[in-house]
Participant: 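After the structure tokens below, expect a handful of questions from me.
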Amino acid sequence: MIDALLPAALDPLTAGLLLAASLVTSMITAALGAGGGVLLLALMALWLPPVAIIPVHGLVQLGSNTGRFAMTWRRADWGALAAFAPGVILGMGAGALVLVRLPEQVWQITIAGFILFLCWGPSLPAAALGRMGILLASAVTSFITLFVGATGPLVAAFIKQLHEDRFRTIATFSGAMTMQHLPKALVFGAAGFHFPEWLPWVGAMIACGLVGTRLGLHLVHRMGDHAFQRLFSIILTLLALRLLWQALA
């Protein structure tokens, strides 16, 4: 019975391990601001067929981010999200035209460098954090996400520059990633990826992620803004260093 609900590429044990991973990684993202999506992508890469990794991860992350946004939307920066939306359309449209396997090391080094700069370098000028700056950041990250899967840390590092309030950061980041993952599923569907056989298991992954999100947000209430921002920067730095290690290994 269980096997009938799973895609052919997954056995029950692997499917169960990934369901548990969805809960834990969603809790990490909700509590620390970022990190869970990249960790889940790395785990999926161990067991999923290469052709399924990015589209399935995108679908799971769409559900996870939508759930987190539904829990926090009252604190979101709606002006920033309004500026982010057109960039998603532009970036995804450009990426869909050239959906090819580009050298991953180039993307990894570039993303890692930007994350480290945004976390530890000087603050961005006000113009870069305005509507045009947000639109440009959205377009670039939306384009890149079709090829490398998890640009969440880069988006998170940029949004971190906008706010110090931890709930506002989490809500705005969740809304931005929801917008970015939705068209990704449409692009890969149009490119021929067969989603239906994955949907029951993806639905279970999303449900586990929502439980993890609720647990993570409970932890956020116990933190102050300063502690959250410091942990946020440390998590993003570790993710950037991991990207550099992957690119140079």
Participant: Which value, rounded to the nearest 0.5 Å, describes the distance between Arg68 atom CZ and Thr29 atom OG1?
Facilitator: 5.5 Å

Participant: Starting from Leu17, can I reach Leu48 by hopping between I/L/V/M/F/W/Y residues whose side chains sit under 4.5 Å apart?
Facilitator: yes

Participant: Are the side chains of Leu136 and Val140 in contact, using a 4.5 Å heavy-atom criterion?
Facilitator: yes

Participant: Please report the closest heavy-atom contact between Arg131 and Ala83, naming both atoms and the distance.
Facilitator: O-CB, 3.8 Å

Participant: So do Phe173 and Val155 actually touch side chain to side chain, heavy atoms under 4.5 Å?
Facilitator: yes

Participant: Less than 4.5 Å apart, any side-chain heavy atom of Met44 and any of Val60?
Facilitator: yes

Participant: Going through the distances and angles, do Thr66 and Ile206 end up as a side-chain contact (heavy atoms from CB on, under 4.5 Å)?
Facilitator: CA-CA 10 Å; Thr66 300; Ile206 292 172; over 6 Å; no

Participant: Do Trp78 and Leu81 have side-chain heavy atoms sitting under 4.5 Å apart?
Facilitator: yes

Participant: Decide yes or no for Val56 and Met205: does some side-chain heavy atom of the first lie under 4.5 Å from some side-chain heavy atom of the second?
Facilitator: no

Participant: State, with a plain yes or no, whether a side-chain heavy atom of Gln61 is found less than 4.5 Å away from one of Met177.
Facilitator: no

Participant: Rounded to the nearest 0.5 Å, what separation is found between the CD1 atom of Ile170 and the CD1 atom of Ile159?
Facilitator: 11.5 Å

Participant: Heavy atoms, side chains only, cut-off 4.5 Å: are Leu59 and Trp198 in contact?
Facilitator: no

Participant: So, for Ala85 and Met179, which heavy atoms are closest and what is the spacing to 0.1 Å?
Facilitator: CB-SD, 3.6 Å

Participant: So which heavy atom on Ile134 is nearest to which on Ala80, and how close?
Facilitator: CG2-O, 3.6 Å

Participant: To the nearest 0.5 Å, what is the distance between CG on Leu18 and CG on Leu13?
Facilitator: 9.5 Å

Participant: Flag the pair Thr213 / Leu217 as yes when at least one side-chain heavy-atom distance between them is below 4.5 Å, and no otherwise.
Facilitator: yes

Participant: Show the nearest heavy-atom pair for residues Gly133 and Phe158, with the distance to one decimal.
Facilitator: O-CZ, 3.9 Å

Participant: Between CZ of Arg74 and CZ of Phe69, what distance do you get to the nearest 0.5 Å?
Facilitator: 11.0 Å

Participant: Examine Leu90 and Phe143 and state if one hydrophobic cluster contains both, with Ile, Leu, Val, Met, Phe, Trp and Tyr joined whenever side-chain heavy atoms are less than 4.5 Å apart.
Facilitator: no

Participant: Sort out for me which residue in Ser22, Ser174, Ser26 forms a side-chain hydrogen bond (donor to acceptor under 3.5 Å, both in side chains) with Ser64.
Facilitator: Ser26

Participant: First locate atom CD1 of Ile28, then atom CG of Leu215, and finally report the distance between them rounded to the nearest 0.5 Å.
Facilitator: 12.0 Å

Participant: What heavy-atom pair brings Ala171 and Arg75 nearest, and what distance separates the two atoms?
Facilitator: CB-C, 3.9 Å

Participant: Give a yes or no on whether the backbone of Asp77 and the side-chain of Thr172 come within a donor-acceptor separation of less than 3.5 Å.
Facilitator: yes

Participant: More than 12 non-hydrogen atoms from neighbouring residues, nucleotides or ligands closer than 6.0 Å to CZ on Arg214, yes or no?
Facilitator: no

